[in-house]
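The structure under discussion appears below in the form of structure tokens.
Numbering of residues begins at 1 and proceeds along the displayed sequence. Keep in mind the model is a prediction, meaning the values are calculated, not measured. For the numbers below, each heavy atom of this structure counts, side chains included, while hydrogens, waters and symmetry mates do not.
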Amino acid sequence: MCHITRPSNQEKKILQFVCFNFQQLMAFPRLVFLLILAIIPLCNAQGLKLGYYEKTCPGAEAIVEKATSHYISRAPTLAAPLLRMHFHDCFVRGCDGSVLLNSTKNNLAEIDAIPNQSLRGFQVIEAAKSELEQKCPGVVSCADILALVARDAISLIKGPYWNVPLGRRDGKVSIMLEALFNLPPPFANITTLKAQFASVGLNAKDLVVLSGGHTIGNSHCSSFTSRIYNFTGKGDTDPTMDANYVSSLKSKCPSINDVKTIVEMDPGSFKTFDGSYYSLVAKRRGLFQSDAALLDDNETKAYVKLQVMSHGSTFFKDFAESMEKMGRIGVLTGKSGEIRKRCSFIN
């Protein structure tokens, strides 16, 4: 669990921190229980609503859309990491903007967890926040901005559009260990994936639908090279993976120790939000074990087949519904949390 291949000096420090704290936590079952209890959302939000800022900050959503458009028009590939940022935020303490907080001298935050070190696009959130603070100081939360930016970024690259009810408040806590424990890893099997999604109120359909977000974006080789070079520790390849795809990936990632090279998650279509991801999964060309795992469950496998046969006919509608559902996970409303002045720091 506490091992990665040839980590950088920064990763070594983080990993040492993780291993040490994990050992300490295991010595105190009650602390483990409290940690788990703290990160499981007790209920989905009842305080969110469409048009939440109409009176307190008219035009807030337009300001966010304009800032997002400014960046996406120049760098469309930012859409994928911005979507992923929203996902990573919601799966840890709910959609409270905790993934945006910087680490401090006394605390390693979610942003420094290994799964989050490849996140990009924080400047989009900060740009929108800066403009909103000039117009409506202390009104619009970073959590709401992140939810809107993710939606607008995908819409701007001609992907699905979904409603974003607003009213989230910002969390004051961000802990690296919680990101490590709660973000679904790329090597997870279907049992683990379903359990992790269920823990935040999402079902098997949400799992297979939201996995479709892998239709855009790139991945570092290090997230999947064990599948093509050393799947069971004997120098073998994952037998569930198409042999030709394995050969192609080996040519792009020449070593299991490659931590710098990136490859397309949806080859030939990684800039286009469409249903082609499901065709790849059906052909045993899903990049991650978590992609391949969708064929190991009757419900998720049936959805993959449906999208392949119908050429993604319901994918956009389903994705919009699951994203709106995900955006309600464990949110803070009312007087909980705060409205941060800067998204990377608590007030």
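For the disulfide (SG to SG under 2.5 Å) condition, the pairs that include at least one residue of residues 291-347, sequence neighbours left out, are C142-C343. Counting only residues at least two apart or in different chains, salt bridge (Lys or Arg N to Asp or Glu O under 4.0 Å) contacts with residues 330-347 are absent. Counting only residues at least two apart or in different chains, salt bridge (Lys or Arg N to Asp or Glu O under 4.0 Å) contacts with residues 219-228 comprise R227-D238. Applying the salt bridge (Lys or Arg N to Asp or Glu O under 4.0 Å) test to pairs two or more places apart or on separate chains, those with a residue in residues 152-174 are D144-R168. Listed by first then second residue, pairs satisfying side-chain hydrogen bond (donor to acceptor under 3.5 Å, both in side chains) with a partner in residues 241-256 read D242-R285, not counting sequence neighbours. Judged as a side-chain hydrogen bond (donor to acceptor under 3.5 Å, both in side chains), the pairs with a partner in residues 120-132 (not counting sequence neighbours) are, in order, K129-E133.
In this structure, S155 contributes its side chain and R151 its backbone to no donor-acceptor pair below 3.5 Å. T68 places no side-chain N or O within donor-acceptor distance of the main-chain N or O of V149, the cut-off being under 3.5 Å. In terms of modelled atom types and a separation under 3.5 Å, the side chain of T225 and the main chain of I256 share a donor-acceptor contact. Checked by atom type and distance alone, the side chain of D96 never pairs as donor or acceptor with a backbone atom of G330 at under 3.5 Å. For R74 (side chain) and H70 (main-chain N/O), a donor-acceptor pair under 3.5 Å exists by modelled atom type.
Every residue meeting the side chain to side chain contact (heavy atoms under 4.5 Å, CB included) condition with T300, not counting sequence neighbours, appears here in chain and number order: I190, A204, L207, V208, L294, D297. A search for salt bridge (Lys or Arg N to Asp or Glu O under 4.0 Å) contacts involving D89 returns nothing, not counting sequence neighbours. In this structure F288 satisfies the side chain to side chain contact (heavy atoms under 4.5 Å, CB included) test together with P186, H214, S219, S223, F224, M265, S290, D291, sequence neighbours excluded. S103 pairs by the side chain to side chain contact (heavy atoms under 4.5 Å, CB included) definition with L108, A109, I111, D112, not counting sequence neighbours. Take S118 and apply the side chain to side chain contact (heavy atoms under 4.5 Å, CB included) test, not counting sequence neighbours, and it matches R84, H220.
Here the shortest heavy-atom pairing between S276 and T215 reads OG-OG1, 3.8 Å. When all heavy atoms of G97 and A143 are compared, the closest pair comes out as N-CB, 3.7 Å.
Heavy-atom neighbours of Y52 OH from other residues, nucleotides or ligands within 6.0 Å: at or below the threshold of 12. Other residues, nucleotides and ligands contribute more than 12 heavy atoms inside 6.0 Å of the CG atom of N347. Under a cut-off of 6.0 angstrom, the local environment of NZ in K135 is crowded, with over 12 non-hydrogen atoms contributed by other residues, nucleotides or ligands.
Counting only heavy atoms from C-beta outward, the side chains of Q307 and D318 approach each other to under 4.5 Å.
Below 30°, between 30° and 60°, or above 60°: for F91 and F87 the angle between ring planes is below 30°, a parallel geometry.
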Stepwise ring-ring contact (aromatic ring centres under 6.0 Å, His included) check, Y303 with F315
CA-CA 10 Å; Y303 187 86; F315 177 45; 7.5 Å; no

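In the hydrophobic clustering (ILVMFWY side chains linked at under 4.5 Å, chained through shared members), I262 stands by itself.
Considering R93, E178, E110 in turn, E110 is the only one that fulfils the side-chain hydrogen bond (donor to acceptor under 3.5 Å, both in side chains) rule with S98.
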